[in-house]
**Q** 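Dropping a structure here in structure tokens format, bear with me for questions.
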Amino acid sequence: MKQLIFCLILSCFGCHGLVFSQDSDQTKKMLEAKYDNVYFDKDNNCFKVELNGKKGICDVRGKEIIAPDKYTYISTYEVKNGYYEVSIGDKKGLLDLTGRVI
């Protein structure tokens with residue numbers, strides 16, 4: 001109930017997107033059990049994850065968007081423009097917000 005009221009208050013003041021909440025804390029703990037490093041990117045409402053030196057992205061519920069199996073770099077800076085910039089070594093490319101190669 002507190003979270004619902006908090007979200008309604010934020011909505012009234014023009015805040016959009018998801019809020020890092022107790023549910024996100026639980027998701028982070030779940031992800032930390034699976035990955036080497038987990039970081040919540042509050043600007044893009046996603047988790048940056050790392051496993052064996054490879055980068056990945058999970059949504060706020062913990063669902064993998066980009067599996068940490070091949071990319072050595074993922075930028076979420078450009079998420080708002082509809083893509084992720086990714087690298088495998090010195091090769092670069094783009095993925096859409098669902099993780100598909102553009």
Side-chain angles (χ1 to χ4, degrees):
M1 182 68 171
K2 291 179 186 177
Q3 288 178 342
L4 177 61
I5 293 170
F6 182 67
C7 289
L8 288 172
I9 291 169
L10 290 176
S11 295
C12 291
F13 289 100
C15 181
H16 58 284
L18 298 172
V19 177
F20 192 71
S21 66
Q22 184 177 3
D23 291 339
S24 295
D25 285 335
Q26 292 171 351
T27 302
K28 184 176 182 189
K29 287 177 185 176
M30 177 195 67
L31 293 172
E32 287 173 334
K34 185 176 180 180
Y35 301 106
D36 299 332
N37 292 309
V38 177
Y39 168 75
F40 183 72
D41 181 347
K42 66 181 178 182
D43 294 330
N44 297 298
N45 290 317
C46 65
F47 287 95
K48 295 180 180 181
V49 296
E50 184 175 338
L51 184 63
N52 299 324
K54 304 294 181 180
K55 312 290 190 220
I57 300 289
C58 293
D59 68 13
V60 292
R61 292 180 181 88
K63 179 183 173 198
E64 276 187 358
I65 297 170
I66 302 171
D69 59 357
K70 58 181 159 182
Y71 300 106
T72 54
Y73 172 78
I74 299 176
S75 168
T76 55
Y77 177 73
E78 295 295 333
V79 166
K80 294 174 184 145
N81 292 326
Y83 64 88
Y84 297 101
E85 180 182 333
V86 295
S87 297
I88 301 174
D90 61 345
K91 297 179 183 179
K92 294 183 180 186
L94 296 175
L95 304 177
D96 68 12
L97 296 179
T98 64
R100 290 187 220 162
V101 176
I102 296 176

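Position 1 is the first residue of the sequence; numbering continues from there.
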**Q** Hey, what do you get for CG (D36) to CG (L51), rounding to the nearest 0.5 Å?
**A** 5.0 Å
**Q** Can you name the closest pair of heavy atoms from K55 and E50 and give their distance?
**A** NZ-OE1, 3.1 Å
**Q** My understanding is that only residues two or more places apart in sequence, or in another chain, count here; which of them pass side chain to side chain donor-acceptor pair (under 3.5 Å) with D96?
**A** T98
**Q** Looking only at non-hydrogen atoms, find the nearest pair between G56 and P68 and report the distance.
**A** N-CB, 3.8 Å
**Q** Can you tell me how far the CD atom of E85 sits from the CD1 atom of I74, to the nearest 0.5 Å?
**A** 11.0 Å
**Q** With K54, which residues qualify under side chain to side chain donor-acceptor pair (under 3.5 Å), at least two apart?
**A** none
**Q** Compare all side-chain heavy atoms of N45 with those of F40 and state whether any distance is below 4.5 angstrom.
**A** yes
**Q** Which pair of heavy atoms, one from T27 and one from G62, lies closest together, and at what distance?
**A** CG2-N, 3.5 Å
**Q** Rounded at 0.5 Å granularity, tell me how far NZ in K48 sits from CD1 in I66.
**A** 11.0 Å
**Q** Give a yes or no answer on whether the side chain of S87 reaches the backbone of T72 with a donor-acceptor pair at less than 3.5 Å.
**A** no
**Q** With Y35, which residues qualify under side chain to side chain donor-acceptor pair (under 3.5 Å), at least two apart?
**A** E64
**Q** Once rounded to the nearest 0.5 Å, what's the spacing between atom OG of S75 and atom CG of L94?
**A** 10.0 Å
**Q** Among D59, L31, I57, I65, exactly one meets side-chain contact (heavy atoms from CB on, under 4.5 Å) together with F47. Which residue is that?
**A** L31
**Q** Whether the side chain of D41 engages the backbone of C46 through a donor-acceptor N/O pair (distance < 3.5 Å, no angle test) should be reported.
**A** no
**Q** Is it the case that one hydrophobic cluster holds both Y84 and I88, taking links as side-chain heavy atoms less than 4.5 Å apart, direct or via other members?
**A** yes
